[in-house]
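A short write-up of the structure that comes next.
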Amino acid sequence: MSDKKVLTTINPATEEQIATYDVYSKNQVKKEIELCHQAFMSWKQVSLEDRAEKISAIGEHLKKNKAPLAELMTREMGKLLKHSKQEIDLCIAICQYTAKNGQKELKDEHRELPDGGKGIITYSPIGVIYGIQPWNFPVYQVIRYAVANLMAGNGVLLKHAENVTGCGLTLERLFKEAGLPENLFKVLLLDHDTSDMVINHDLVRGVTLTGSSGAGEIIAEKAGKALKKTVLELGSNDAYLVLADADIELAVKHCVRGRVYNNGETCVAAKRFVVVKDVYDEFTKAFVEKMSQLKIGDPKAEDVKIGPMAREDLRDKLHKQVEDSVKNGAEVLCGGEKPNQKGFYYPATVLGNVTPGQPAYDEELFGPVASLIKANDDDDAMRIANDSRFGLGGGIFSKDTDKAINMAKHHFDTGIVLINSYGVAQPNMPFGGVKDSGYGREHGGFGIKEFVNAKSIMLLER
């Protein structure tokens, strides 16, 4: 019997195995890194205009392959089919934005020096960038760092989550079909030990991770020890504030969507709902009613609002967090029971009487579970929102948008704030967090400069 390690993908809706993939040996991984570096050495000489053409072509290939790619995403990790299609649309938009704006972001800057000389700032690519990516947005997580770094002139390596291995390999194929040079974007099928070797490899110049804060601590330590720059986009327990002057119907609509979008498995999702006491009962009644009506089931069915969670262990962890919160005083207002059916399903759940010391208050609940927290007033609501070790996103519902903007600008300690809405990401706006939600930014022109050498060239006039 062979003891060769394999990666396995499982359909979370049926619990059936989809495929297995052989894990690369360390020698094979070293060869792949060297090939990617060789491809980078040529790619860095390619003009910004020609790089942009390839990025645009990647977007076109995503568009052409939208249907089968969406089906694969849903099969591998359980997101609603319509959400898979929306994810691909976002990726196409990212490619289009990068192709259109990348040249402007990376063009040389000219400055006059104080002594009369001339200065040139050039943004030079630095080499091979290693991305460790999660399963919850199997295409978007890859596109957002890969496209930015390819535009910058870097080579790109990907270690994708095991349960979406098929998505990673499909993207590698589509990049090649779009005309990207051979070996410039490489998928590595790895275990954790070999991943550590990649981080330490001399030809790898930067590491980017999307994942839990615990994973971020580990990767940042390993990369830091090797003096490699990192960008970390980590978890969060985003607070959405419902103020006394909020449009309750609008707030309920977006808060429900914000909690269960992508089956609730989103880093920048509405998770804690901090509601001012004047409207707490009104909001709670309407919110619980809407959440309790959401149908769970086959993610390809049109009337289903919540598909299965991506893995059984993730479903079990979420349920334990619910149980531990209840043991510490939380109240189940709807849901909270594991369904007796095939697949890793969990119902839309609302917890009331959520207070510090409960997982529902302190931790990230990565699934369709909402935490309701009562606040005395606007100031108390903001205090509660910031009473978190995380700081990725958040939201404010208020008819006074000037007040909401002021709160967002001067008081909300997060990287992203949405006002009277819910959304995941925009290609032209920076994306990233603070505190235990990580550091660095992606999108909006910011991500394209995370892994470049801002090089100073100075000419002194005689």
Requested in this report: Verify the neighbour count for atom CD of Glu331: are there more than 12 heavy atoms of other residues, nucleotides or ligands below 6.0 Å?
Outcome: yes

Query raised in the report: If we only count heavy atoms from C-beta on, is the Thr349 to Leu365 side-chain gap below 4.5 Å?
Result: no

Query raised in the report: Side chains of Lys435 and Arg389: does their closest heavy-atom pair fall under 4.5 Å?
Result: no

Query raised in the report: Taking all atoms of both residues into account, what is the closest heavy-atom pair of Lys271 and Asn237, and its distance?
Result: CD-CA, 3.8 Å

Query raised in the report: Does a side-chain heavy-atom distance below 4.5 Å link Phe412 with Leu241?
Result: yes

Query raised in the report: Are Lys320 and Glu323 close enough for a salt bridge, meaning some N to O gap below 4.0 Å?
Result: no

Query raised in the report: So do the side chains of Lys159 and Val198 get within less than 4.5 Å of each other, counting heavy atoms only?
Result: no

Query raised in the report: Take atom NZ in Lys300; do more than 12 heavy atoms of anything else shown fall under 6.0 Å from it?
Result: no

Requested in this report: Over all heavy atoms of both residues, which pair between Lys374 and Tyr280 is shortest? Give the atoms and the distance, please.
Outcome: CE-CD2, 3.5 Å

Query raised in the report: Would Asn262 and Phe137 satisfy side-chain contact (heavy atoms from CB on, under 4.5 Å), going step by step from the backbone distance to the final call?
Result: CA-CA 8 Å; Asn262 202 49; Phe137 288 91; 3.5 Å; yes

Requested in this report: May I ask you to check whether Glu109 and Tyr123 show a side-chain donor-acceptor distance below 3.5 Å?
Outcome: yes

Report task. Would you indicate whether Lys85, at its atom NZ, is surrounded by more than 12 heavy atoms from other residues, nucleotides or ligands within a distance under 6.0 Å? Result -> no

Query raised in the report: Residues in ring-ring contact (aromatic ring centres under 6.0 Å, His included) with Phe366, at least two apart?
Result: Trp135

Query raised in the report: Side-chain contact, heavy-atom cut-off 4.5 Å: Thr414 with Asp238?
Result: no

Query - Atom pair NZ/CZ of Lys228 and Phe451 - distance to nearest 0.5 Å - result: 11.0 Å

Query raised in the report: For the side chain of Asn263 and the backbone of Gly78, is there at least one donor-acceptor N/O pair under 3.5 Å apart?
Result: yes

Query raised in the report: How long is the span from the NZ atom in Lys82 to the CD atom in Glu302, to the nearest 0.5 Å?
Result: 8.5 Å

Query raised in the report: Which atoms form the tightest heavy-atom contact between Met291 and Cys334, and what is the distance?
Result: CB-SG, 4.1 Å

Query raised in the report: Is the side chain of Lys222 donor-acceptor paired with the backbone N or O of Asp196 at a distance under 3.5 Å, no angle test?
Result: no

Report task. Please report the closest heavy-atom contact between Leu234 and Ser212, naming both atoms and the distance. Result -> CD2-O, 3.4 Å

Query raised in the report: If only atom types and distance count, is the side chain of Ser84 paired as donor or acceptor with the main-chain N or O of Met73 below 3.5 Å?
Result: no

Requested in this report: Please determine if Asp378 and Lys403 form a salt bridge, counting it only when a charged side-chain N lies under 4.0 Å from a carboxylate O.
Outcome: yes

Query raised in the report: With a cut-off of 6.0 Å (strictly less than), are more than 12 heavy atoms of other residues, nucleotides or ligands near OH of Tyr24?
Result: yes

Query raised in the report: Is it true that a side-chain atom of Asp413 and a backbone atom of Gly391 form a donor plus acceptor pair closer than 3.5 Å?
Result: no

Query raised in the report: Would you call Lys338 and Asp316 a salt bridge, taking side-chain N to carboxylate O under 4.0 Å as the test?
Result: yes

**Report entry** Asn353 (side chain) donor-acceptor with Gly329 (main chain) under 3.5 angstrom
**Finding:** yes

Query raised in the report: Does the pair Thr20 and Thr8 meet the rule for a side-chain contact (heavy atoms from CB on, under 4.5 Å), with working shown?
Result: CA-CA 4 Å; Thr20 60; Thr8 303; 3.7 Å; yes

**Report entry** Test side-chain contact (heavy atoms from CB on, under 4.5 Å) applied to Val231 and Tyr145, step by step
**Finding:** CA-CA 10 Å; Val231 169; Tyr145 92 94; over 6 Å; no

Query - Neighbour count above 12 (heavy atom, 6.0 Å) for His192 NE2 - result: no

Query - Polar side chain donor-acceptor pair, Gln358 to Thr355, under 3.5 angstrom - result: yes

Query - Test side-chain contact (heavy atoms from CB on, under 4.5 Å) applied to Lys186 and Glu172, step by step - result: CA-CA 7 Å; Lys186 300 288 291 184; Glu172 183 179 54; 4.2 Å; yes

Query - Pairwise distance OG1(Thr9) to CD(Gln17) - rounded to 0.5 angstrom - result: 7.0 Å

**Report entry** Contact check, side chains of Lys277 and Asp377, non-hydrogen atoms, under 4.5 Å
**Finding:** no

Query raised in the report: Going by heavy atoms in the side chains, are Val156 and Phe175 under 4.5 Å from each other?
Result: no

Report summary line: Applying ring-ring contact (aromatic ring centres under 6.0 Å, His included) to Phe397 and not counting sequence neighbours gives none

Query - Minimum heavy-atom distance Val276-Asn376, with the two atoms named - result: CG1-O, 3.9 Å

Query - Distance in Å, Arg311 CZ paired with Phe344 CZ, rounded so as to fall on 0.5 Å steps - result: 10.0 Å

Report task. Can you establish whether the number of heavy atoms outside Gln341 located under 6.0 Å from its atom CD is more than 12? Result -> yes

**Report entry** Side chain Arg51, main chain Leu150, donor-acceptor under 3.5 Å
**Finding:** no

Query raised in the report: Do the ring planes of Tyr140 and Phe431 sit parallel (below 30°), tilted (30 to 60°) or perpendicular (above 60°)?
Result: perpendicular

Query raised in the report: Is the side chain of Glu450 donor-acceptor paired with the backbone N or O of Arg441 at a distance under 3.5 Å, no angle test?
Result: yes

Query raised in the report: Looking just at side-chain N and O atoms, do Tyr439 and Thr230 make a donor-acceptor pair shorter than 3.5 Å?
Result: yes

Query raised in the report: Does CD belonging to Glu221 count more than 12 external heavy atoms closer than 6.0 Å?
Result: no

Report summary line: Here the gap from Glu76 atom CD to Asn11 atom CG, rounded to the nearest 0.5 Å, amounts to 9.5 Å

Query - Heavy-atom neighbours of Met197 CE exceed 12 at 6.0 Å - result: yes

Query raised in the report: What is the minimum heavy-atom distance between Ala375 and Ile384, and which atoms define it?
Result: CB-CD1, 3.9 Å

Query raised in the report: Does a side chain donor of either Asp281 or Thr284 reach within less than 3.5 Å of an acceptor in the other side chain?
Result: no

Query raised in the report: Do Pro427 and Leu90 come within less than 4.5 Å of each other through their side chains, counting heavy atoms only?
Result: yes

**Report entry** Side-chain donor or acceptor of Glu87 paired with backbone N/O of Val139 under 3.5 Å
**Finding:** yes

Report task. Rounded to the nearest 0.5 Å, what's the gap from CD1 on Ile218 to CG on Leu209? Could you check? Result -> 9.5 Å

Report task. Ignoring hydrogens and angles, tell me if any N or O in the side chain of Thr74 forms a donor-acceptor pair with the backbone of Lys79 under 3.5 Å. Result -> yes

Query - Ser398 and Asp400: side chain donor to acceptor below 3.5 Å - result: no

Query raised in the report: So, does Arg205 use its side chain to make a donor-acceptor pair with the main chain of Gly127 at under 3.5 Å?
Result: no

